[in-house]
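What follows is a short report on a single structure.
Residue numbers start from 1 in every chain, and the chains themselves are labelled A, B, ... in the order their sequence lines are given, proteins ahead of strands.
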Amino acid sequence: MSLKVYNSLARTKEDFIPLQRGYVGIYVCGPTVYSHPHVGHGKSYVSFDAMVRYLRYLKYKVRYVQNITDVGHLTDNADAGEDKIAKRAALERLEPMELVEKYTRSYFEDMDQLGVVRPDISPRASGHLIEQMEIIKQLLAKGHAYEVNDSVYFAVRTWPEYGKLSGRDLEELREGTRIEVLPDKRDPVDFALWKRAEPSHILRWPSPWGVGFPGWHIECSAMSMRYLGQTFDIHGGGLDNQFPHHECEIAQSEAATGQTFVRYWLHNNLVTIDGAKMGKSLGNAITLKEVLGRFEAPVVRSFILSSHYRSTLDFSDSALEGAARGLERLWGTVQAVQERLHSGAVANGEADEEFVARLQAHKARFLEQMDDDFNTAGAIGVLFDLTRDVNELLQGEATDQDLHSADKLYRELAGEVLGLLPERGGPAQGEALTPKLIQLLIDLRNEYRAARDFKRSDTVRDKLASIGVVLEDTANGTRWKLARQA
RNA sequence: GGCGCCGUAGCCAAGUGGUUAAGGCGGCGGUCUGCAAAACCGCUAUUCGCCGGUUCGACUCCGGCCGGCGCCUCCA
């Protein structure tokens, strides 16, 4: 069994073989931090998080780099229009870097909630101007770029492979150019590496070509190669960035270094809202904070992972609701296993051979799904098959070894790889009393029940229910849980 | 106009050239329970948008059609 990934460059699934045995370098295009993250960011970064988690589970030493774009790029196209960050900063009456800091924090806040493991390096574009200029210098020296009126453009006609990622034909691109071509460009398809700053442009830096700001694509080339080398294993991003962003990255990087830039390009598909594209510019973007206000973060995460990363995902309340019910059931079983383990009433003993064999079979199927281009949807399916078996086990006499092996498998697959288990943090001091108090009431109620005083036992249950504590009588005693928030 | 994707049960969603087309939600029936909840068991697509073709055999490959969508302009 080996990991296969869909490489956009090859348009097919390929065996994943890293450049250096045991090590993986991965770069994923990060957010431009000028507003709160939306559900599209959620899908993208949760998807790549699952990949990174799985690679680490496979014992690869992973270096995960994800940039923060804090250099304003233009609202319109790469050549004209306002700077997004400057525009928004003016609107919010903040210093541009203040705005950027605010939304960078907001971004990590939401990602943390979604259980996204932080990248190993989160480089800021504004902190890597030197590296960007270095590449531009190399491109100029090699004749792949030219300077006009204090701006520098990449000369696409000097790079015949331009279009290899997105399948574009240069001639068609020239004909189909919708944007007004700047007179400075020698060729309509050329793209900016460095732009002269107009006097009104706030975000500006000195450079060998005058005061200006970097082009949109150059930062990713600079930061990825800075930390992962001239050639690295995986570059990820949204499908919407395949062209022109990634195409341009490849051209400028490979033209500058003469080396293969990226070996595997992974693109995740986009989010739709009621079947239609969601976009900031379309005004139908839903922020993560909005969704996280209505659904628990793990529910959102499991919803995202319940479809393949290369499929579109349609956000709707009913679909989220379904994901919530399913996750609740999964958690119920995971929790029940742990409760049984800690109940002190478990028989010590060997694990049932047949049961262990079934666990192993589930695990193998799970890994098979993940190996197949990170099929988290299939993997979650296996988790529910596993849950069926574990529930069956819980119906009868389970030994501590049985329970331990089930618990371990959940933690490994659902927890470590998919990040779908609740954090197991100890309760805060005052809260530690709550379970004991509830247990007291449960014991009391059970005394009433033993005496067949159901009127009183129901009163206890109902009153607990009214403050959000739900009781469940099982063959192995009474359990309790907090009611879902309405 | 160019490039590309998708169409699987009421809903969400995997998947495969040929044994019974995952899984989740919902629904129905049952077991358990004082009642309930949860859990468990069973049922819920003779069929994979439509029409042709290739094949011994296609939902899976090819062609056409219908429908939905994306990229080609900032966007995860």
Side-chain angles (χ1 to χ4, degrees), chain A residues 11 28-32 34-35 37-48 69 72-84 163 166-169 171-173 175-180 216 236-245 247 267-272 275-282 285 302-303 306-308 310-314 316 318-330 332-333 336 365 369 372 375-385 387-388 390-392 394-396 449 452 454 457-458 461-462 465 470-475 479 481:
Chain A
R11 284 160 227 275
V28 174
C29 286
T32 301
Y34 67 102
S35 60
H38 51 67
V39 292
H41 294 105
K43 172 169 162 62
S44 184
Y45 299 121
V46 165
S47 295
F48 284 110
T69 295
H73 294 299
L74 306 178
T75 51
D76 235 65
N77 57 59
D79 305 311
E82 294 176 275
D83 177 305
K84 282 186 290 203
S166 54
R168 310 286 153 151
D169 179 83
E171 282 318 310
E172 278 164 5
L173 280 175
E175 287 165 19
T177 307
R178 284 198 262 157
I179 53 177
E180 239 181 277
W216 172 36
L239 208 49
D240 51 347
N241 274 335
Q242 193 173 43
F243 186 89
H245 184 54
E247 195 68 60
H267 289 98
N268 72 283
N269 216 134
L270 308 183
V271 163
T272 57
K277 174 191 160 87
M278 183 201 75
K280 287 183 186 176
S281 52
L282 298 179
S302 79
F303 173 62
S306 71
S307 83
H308 191 95
R310 282 191 290 113
S311 304
T312 52
L313 181 66
D314 195 50
S316 70
S318 60
L320 257 331
E321 199 58 51
R325 293 292 82 70
L327 189 64
E328 204 167 276
R329 192 156 75 77
L330 181 72
T333 300
R365 280 181 56 226
Q369 297 296 323
D372 184 10
N375 189 348
T376 53
I380 289 176
V382 175
L383 238 35
F384 279 101
D385 289 335
T387 297
R388 192 180 304 283
V390 173
N391 279 328
E392 219 166 314
L394 288 169
Q395 294 294 109
R449 290 173 73 212
R452 303 189 71 77
F454 297 120
S457 69
D458 283 0
R461 185 178 65 190
D462 293 344
V470 180
L471 299 189
E472 291 166 15
D473 294 330
T474 75
R479 297 174 55 193
K481 65 178 183 184

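Taking the centre and axis of the six-membered ring of F243(A), the NZ or CZ atom of R168(A) falls inside the cone set by 45° and 6.0 Å.
Nearest to the side-chain atoms of M278(A) among the listed nucleotides A76(B), C12(B), A14(B) stands A76(B). The side chain of E472(A) has A38(B) as its nearest neighbour among A13(B), G34(B), A38(B). Listed nucleotides G34(B), A14(B), A76(B) differ in distance to S457(A); the shortest reach to its side chain belongs to G34(B).
Rounded to a whole Å, the CG atom of L320(A) is 13 Å from the P atom of C12(B). The distance between atom CG of L330(A) and atom C1' of A39(B), rounded to the nearest whole Å, is 14 Å. In this structure, CZ of R11(A) is placed 7 Å from P of G4(B), rounded to the nearest angstrom. Per the geometry, CG belonging to D240(A) stands 7 Å off P belonging to A76(B), to the nearest Å. Remark: P of C5(B) and CG of L239(A) are 11 Å apart, rounded to the nearest angstrom. Atom NZ in K43(A) sits about 15 Å away from atom P in C12(B), given to the nearest Å. Counting to the nearest Å, the C1' atom of A13(B) and the CZ atom of F303(A) are 10 Å from each other. In this entry the distance linking OH of Y34(A) with C1' of C74(B) reads 7 Å, nearest Å.
Using a 4.5 Å heavy-atom cutoff, the side chains of V382(A) and Q369(A) are in contact. In this structure the side chain of D385(A) reaches within 4.5 angstrom of the side chain of R365(A), judged on heavy atoms. Counting heavy atoms from C-beta on, the side chains of R479(A) and T474(A) come closer than 4.5 Å.
The separation of C35(B) from G30(B), taken at their P atoms, amounts to 14 Å, rounded to a whole angstrom. Between U54(B) and C59(B), the two C1' atoms lie 16 Å apart (nearest whole Å). Separation of the C1' atoms belonging to A9(B) and A45(B) is 5 Å when rounded to the nearest angstrom. For the C1' atoms, the distance linking G27(B) with G10(B) amounts to 9 Å, nearest Å. Taking atom P on both G23(B) and G15(B), the two are 15 Å apart, rounded to the nearest angstrom. Taking atom P in both G70(B) and C56(B), the straight-line distance is 42 Å, to the nearest Å. A39(B) sits 40 Å from G68(B) when the C1' atoms are compared, rounded to a whole Å. Remark: the separation of the C1' atoms in G53(B) and U8(B) is 23 Å, to the nearest Å.
In summary, the side chains of D314(A) and T272(A) do present a donor paired with an acceptor at a separation below 3.5 Å, with no hydrogens or angles considered. Checked by atom type, the side-chain pair Q242(A)/S166(A) shows no donor-acceptor distance below 3.5 Å. Side chains of N269(A) and T312(A): no donor on one and acceptor on the other come within 3.5 Å.
Listed by chain and number, the residues in a side-chain hydrogen bond (donor to acceptor under 3.5 Å, both in side chains) with D169(A) amount to none (sequence neighbours excluded).
Under a 3.5 Å cut-off, the side chain of N241(A) and the backbone N or O of G237(A) do not form any donor-acceptor pair. The backbone N or O of G40(A) sits nowhere less than 3.5 Å from a side-chain atom of S44(A) that would complete a donor-acceptor pair. Checking side-chain atoms of T387(A) against main-chain N and O of L383(A) turns up a donor-acceptor pair under 3.5 Å. In this structure, D372(A) contributes its side chain and N375(A) its backbone to no donor-acceptor pair below 3.5 Å.
The base of G15(B) is not paired with the side chain of N375(A) by any donor and acceptor separated by under 3.5 Å.
Using a 4.0 Å heavy-atom criterion, one finds that F48(A) contacts no nucleic acid atom at all. H245(A) comes within 4.0 angstrom of nothing in the nucleic acid, heavy atoms only. Using a 4.0 Å heavy-atom distance criterion, G30(A) is classed as a sugar-phosphate-only contact. Across all strands, G332(A) comes closer than 4.0 Å to no nucleic acid atom at all (heavy-atom distances).
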Q. Given Watson-Crick or G-U pairs with both distances under 3.5 Å, what dot-bracket string fits RNA chain B, with | for other-strand pairs and [ ] for crossing?
A. (((((((..(((.....[....)))((((((.......))))))....(((((..]....))))))))))))....
Between the protein and nucleotides 21-25 of chain B, which nitrogen or oxygen pairs are less than 3.5 angstrom apart?
unit_1: G24(B); atom_1: OP1; unit_2: R329(A); atom_2: NH2; d: 2.9
unit_1: G24(B); atom_1: OP1; unit_2: R388(A); atom_2: NH2; d: 3.2
unit_1: C25(B); atom_1: OP1; unit_2: R329(A); atom_2: NE; d: 3.1

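Of the two residues contacting RNA chain B, namely R461(A) and A319(A), the nearest-nucleotide position lying further toward the 5' end is that of A319(A). Nucleotides of RNA chain B nearest to L313(A) and V39(A) differ in position, and the one nearer the 5' end is that of L313(A).
Listed pair S311(A) / A14(B) meets the phosphate criterion, a side-chain N or O lying under 4.0 Å from OP1 or OP2. OP1 and OP2 of A39(B) both lie 4.0 Å or more from every side-chain N or O belonging to N391(A).
With centres under 5.5 Å and a plane angle under 30°, the ring of F454(A) is stacked against the base of G34(B).
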